[in-house]
Amino acid sequence: LDLNNAELITPTVFEDATAGYITYSGNFTGFSQFVLVSPLTTLPVNFISFHATPHQKSIELVWQTAQEINNRGFIVERSLDGTGFVQVGWVNGHGTSSSTATWNFTDNYVQPGITYYYRLRQVDFDNKHLFSPVRDARLKPGAGISISVSPNPVKGQANLYIIGTTQKANVELINTAGQKILRQDGVNAVDGIYKVPLYGLASGVYTIMVYLPEGVFTKKIIVQ
């Protein structure tokens with residue numbers, strides 16, 4: 001190894017701690033048989049883990065870091081294809097710290113049935129960047145749809161509220177014997193409310209069945 005011909009460069013660093021590797025890349029002139037990384041080369045943030053978890057109406061991102069050096073914060077980026085990312089949030093860093101820290105960000109602007117890809121762009125105070133691994137999450141069809149009935153118990157007529165969809169619904173009323181008492185097709189869920197006529201029904205517990213393209217939803221109702 002000829003140190004007289006050695007070339008000192010500042011490498012670009014990419015860390016995937018969860019996969020267990022760190023890569024360094026740089027631009028060189030001439031030919032070299034060796035690439036040496038100084039033990040003084042320290043990552044500004046050491047990612048321990050990064051997860052994206054779907055909930056009923058949102059996707060929660062949680063990540064852990066083992067250390068921070070000059071860390072201004074994290075840009076949260078999202079993509080619909082895993083390639084083109086845009087910023088959807090920002091989380092402040094702690095500057096410099098040797099303690100393990102847990103971070104989180106909730107993305108509330110998501111729709112069921114769509115796969116979202118996320119990555120973190122860690123930013124130093126000198127504006128240098130470090131990327132996290134990419135994670136993806138998807139709300140199940142029907143997630144975010146809520147069905148409610150008011151009043152309950154009820155006499156005469158109930159209000160059925162269908163929230164979280166723009167699709168039309170088919171509505172059925174079933175008694176405890178499994179008999180279909182009422183059916184209405186093409187209920188406009190966009191309006192968010194449907195009047196369920198209950199006049200003349202025997203007192204007891206009934207089940208309202210709501211059929212949507214996203215799935216089937218049920219709600220118990222007590223008729224007095």
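For the single chain, residues carry numbers from 1 onward in sequence order. Everything numeric in this text was worked out from a predicted model, so none of it was measured.
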*With side chain to side chain contact (heavy atoms under 4.5 Å, CB included) as the test, would you mind laying out the steps for T165 and I162 before giving the verdict?*
CA-CA 7 Å; T165 180; I162 305 174; 3.9 Å; yes
Below 4.5 Å, heavy atoms only, C-beta onward: do [X] and [Y] meet side chain to side chain?
X    : Y    : answer
N159 : V149 : no
V196 : L182 : yes
N70  : D126 : yes
L212 : I145 : yes
V62  : T102 : yes
I75  : E77  : yes
I221 : T207 : no
Y194 : V171 : yes

Under 3.5 Å, is there a donor-acceptor pair between the [X] and [Y] side chains?
X    : Y    : value
R72  : N92  : no
D107 : Y118 : yes
Q122 : H129 : no
N108 : K57  : no

*Y117 ring centre to R78 NZ or CZ under 6.0 Å, with the angle to the axis within 45°?*
no
Mind checking whether [X] and [Y] sit in one hydrophobic cluster, side chains of I, L, V, M, F, W, Y counted as touching below 4.5 Å?
X    : Y    : answer
I174 : Y199 : no
V187 : F217 : yes
L160 : V154 : yes
V91  : F85  : no

For [Y], does its backbone N or O pair with a side-chain atom of [X] as donor and acceptor, under 3.5 Å?
X    : Y    : answer
Y116 : Q111 : yes
T96  : I69  : no
K219 : I147 : yes
S79  : G84  : yes
D81  : T83  : yes
N170 : G186 : yes
N175 : G178 : yes

*List the steps, then state whether side chain to side chain contact (heavy atoms under 4.5 Å, CB included) holds for F74 with T65.*
CA-CA 11 Å; F74 303 89; T65 59; 4.1 Å; yes
*Drop me the distance from T176's OG1 to K220's NZ, to the nearest 0.5 angstrom.*
8.5 Å
*asked:* Go through it in stages, so that I can follow the logic: the residues are T218 and I208, the test is side chain to side chain contact (heavy atoms under 4.5 Å, CB included), and I'd like the CA-CA distance, side-chain angles, deciding distance and then a yes or no.
replied: CA-CA 6 Å; T218 63; I208 295 179; over 6 Å; no
*Evaluation steps, side chain to side chain donor-acceptor pair (under 3.5 Å), between S97 and E68*: CA-CA 5 Å; S97 172; E68 298 173 70; 4.7 Å; no
*Decide side chain to side chain contact (heavy atoms under 4.5 Å, CB included) for I181 and Y206; before the verdict, give the C-alpha distance in whole Å, the side-chain angles of both, and the deciding distance to 0.1 Å.*
CA-CA 9 Å; I181 305 301; Y206 294 80; 4.3 Å; yes
*When Ile, Leu, Val, Met, Phe, Trp and Tyr are grouped by side-chain heavy atoms lying under 4.5 Å apart, directly or through other members, which residues fall in the same group as V205?*
I222
*Charged N to carboxylate O under 4.0 angstrom, R138 versus D136?*
no
*Could you label the plane-to-plane angle of the F50 and W63 rings as parallel, tilted or perpendicular, counting under 30° as parallel and over 60° as perpendicular?*
perpendicular
